[in-house]
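Scroll down for the structure; my scribbles are underneath it.
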There are 2 protein chains.
Amino acid sequence: MASRTARAEQVSATRELILTAAERLFAERGVNAVSNRQVSEAAGQGNNTAVGYHFGTKADLVRAIVRKHATRIEEIRARLLAGIGDSSDVRDWVDCLVRPIPKHLGALGGPTWYARFCAQVVTDPALHEILVEESLASPTLRQIIDGLTRCLPELPPEVRAERAEMARHLIVHMPAERERAIAENRATPRANWDDAAGGLADALVGLWLAPISSRS
Amino acid sequence: MASRTARAEQVSATRELILTAAERLFAERGVNAVSNRQVSEAAGQGNNTAVGYHFGTKADLVRAIVRKHATRIEEIRARLLAGIGDSSDVRDWVDCLVRPIPKHLGALGGPTWYARFCAQVVTDPALHEILVEESLASPTLRQIIDGLTRCLPELPPEVRAERAEMARHLIVHMPAERERAIAENRATPRANWDDAAGGLADALVGLWLAPISSRS
DNA sequence: CAGTAAGTCAAGCGCCTGCCTTAAATCTGG
DNA sequence: CCAGATTTAAGGCAGGCGCTTGACTTACTG
């Protein structure tokens with residue numbers, strides 16, 4: 001109906017404006033350093049309470065931003081997963097784990113903020129769980145973790161947990177670091193997002209396959 | 001003089017109280033989520049402006065907290081560095097890089113907050129540089145980085161930079177993660193700080209020695 | 001033993017925040 | 001075409017913030 005289009009499109013345009021402004025401000029200054037008012041103003045809304053009206057609390061806004069990107073990332077991840085079948089090569093599974101976010105950022109083109117935004121959110125004690133929930137909601141992600149685990153049967157469970165934690169951190173923070181370098185016109189080790197993902201995947205393969213020493 | 005002791009001791013006790021309270025609050029809630037007023041109150045100072053009086057801005061307070069721990073960490077690092085001479089084993093240098101912070105936390109005993117505090121600070125866009133400056137001020141740290149570089153002569157400079165970034169993130173965030181797990185009574189992969197450092201060192205050796213693939 | 005400087009406390013200022021209320025503009029469904 | 005609902009705008013409110021000021025206590029100095 002023309003009705004739904006006209007009005008609803010205006011509304012979702014406003015929501016989009018708020019999401020984009022918030023993502024950017026949160027990425028650049030940190031979530032807690034930005035007030036809902038500032039987000040509303042940056043989104044061009046004369047209304048003080050635009051954020052509250054459309055999203056509720058700041059945590060709800062953060063969740064909405066995450067969901068906005070989740071669909072695309074999930075698509076990329078599913079495509080990569082389908083491509084490797086039931087490989088027993090660690091590298092294949094690490095690729096599936098690492099590449100979705102950089103690929104998504106590359107597809108957005110131009111300057112991006114989402115990686116830095118995620119780095120802020122995972123580090124905030126009050127917001128951390130939101131990202132964990134939203135991420136673990138992805139069945140393909142679980143499949144990939146399982147597949148990787150199957151490639152490393154002799155790794156003790158505690159060491160696996162430990163290294164999974166390391167991988168998680170790097171997958172979030174390294175793209176954020178690259179994003180920041182680009183935003184500040186600093187040199188980056190890699191020319192594009194795909195190469196950056198490749199470098200990260202190389203390192204993670206080494207990390208997963210690292211021998212376990214007997215030192216203290 | 002008894003004079004200096006009496007008064008100056010009271011003062012430095014107050015400063016210490018503020019530093020400890022701030023470190024704890026910042027670690028638990030995030031730097032930006034805590035006001036200077038809250039820090040003053042948590043330190044038992046009736047005065048609103050105790051933080052401002054003794055330290056100045058919040059950035060100055062953060063720097064003071066970092067310096068408070070830096071001496072001890074530097075001692076540990078120097079001792080480890082002296083112990084390995086001019087080894088050409090990557091593992092030796094990685095140990096020097098990884099162990100100081102966990103060792104320091106272990107030596108403090110009981111619950112700690114410094115690792116989470118550091119994780120908060122490095123992630124804050126406005127505070128990040130403070131920690132970098134203070135860290136790079138350590139000559140032993142530079143020596144260790146040089147030593148490690150010497151062990152990896154055939155690694156392309158960009159890849160080295162990339163992996164150094166990864167190592168930095170893990171060295172800061174993994175202890176923070178362990179600290180948080182302890183604070184929340186969750187299980188940790190390792191029983192003590194030394195073992196945790198060992199696990200991290202294992203992984204970092206693998207990361208540094210990882211082969212460079214030719215994939216995209 | 002004053003005089004001075006340093007540290008602490010208490011109160012007040014303007015600013016910004018989140019939240020609430022009201023009003024105008026806009027679109028929807030009958 | 002018009003009531004009614006939704007969205008945007010605008011302003012007010014209490015509360016918390018950083019910062020300043022001034023009084024009070026304490027300890028060093030000549």
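Below, chains carry the letters A, B, ... as their sequence lines are ordered, and counting in each starts from 1.
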So, OP1 or OP2 of [N]: does either fall under 4.0 Å of a side-chain N or O from [X]?
| X | N | answer |
| --- | --- | --- |
| T14(B) | dT8(C) | yes |
| Q38(A) | dT17(C) | yes |
| Y53(A) | dT8(D) | no |

Enter the distance from R77(B):CZ to L97(B):CG here, rounded to the nearest 0.5 Å.
8.0 Å

Salt bridge check, R190(B) against E158(A): does any charged N sit closer than 4.0 Å to a carboxylate O?
no

What pairs of residues pass the side-chain hydrogen bond (donor to acceptor under 3.5 Å, both in side chains) test when at least one of them lies in residues 51-64 of chain B, not counting sequence neighbours?
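Pairs touching residues 51-64 of chain B that pass the test: T57(B)-D60(B), R63(B)-E133(B), R63(B)-E134(B).
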
Spacing of [X] atom [atom1] relative to [N] atom [atom2], expressed in whole Å:
| X | N | atom1 | atom2 | result |
| --- | --- | --- | --- | --- |
| F55(B) | dG18(D) | CZ | P | 15 Å |
| D60(A) | dC19(C) | CG | P | 11 Å |
| E41(A) | dT17(C) | CD | C1' | 11 Å |
| E16(A) | dT8(D) | CD | P | 14 Å |

If the plane angle is over 60° it's perpendicular, under 30° parallel, otherwise tilted; pick one for F117(B) and F26(B).
parallel

Quick check: does any side chain N or O of R99(B) sit under 3.5 Å from a backbone N or O of I76(B), one acting as donor and the other as acceptor?
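Not at all, since once roles are kept as given, no pair shorter than 3.5 Å links the two residues.
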
Please write out each protein N/O paired with an N/O of nucleotides 9-12 of chain C under 3.5 Å, distance rounded to 0.1 Å.
from, atom 1, to, atom 2, distance (Å)
dC9(C), OP2, Q45(B), OE1, 3.4

Would you tell me whether S40(B) and Q45(B) have side-chain atoms, one donor and one acceptor, within less than 3.5 Å of each other?
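Checked: S40(B)/Q45(B) side chains show no N/O donor-acceptor pair below 3.5 Å.
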
Please check if any side-chain donor atom of E179(A) sits under 3.5 Å from a side-chain acceptor atom of W113(A), or the reverse.
no

Residues touching DNA chain D, which here means a heavy atom under 4.0 Å, drawn from residues 26-36 of chain A
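Of all residues in residues 26-36 of chain A, none places a heavy atom under 4.0 Å from DNA chain D.
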
Taking the six-membered ring for Trp, are the ring centroids of H169(A) and H173(B) within less than 6.0 Å of each other?
yes

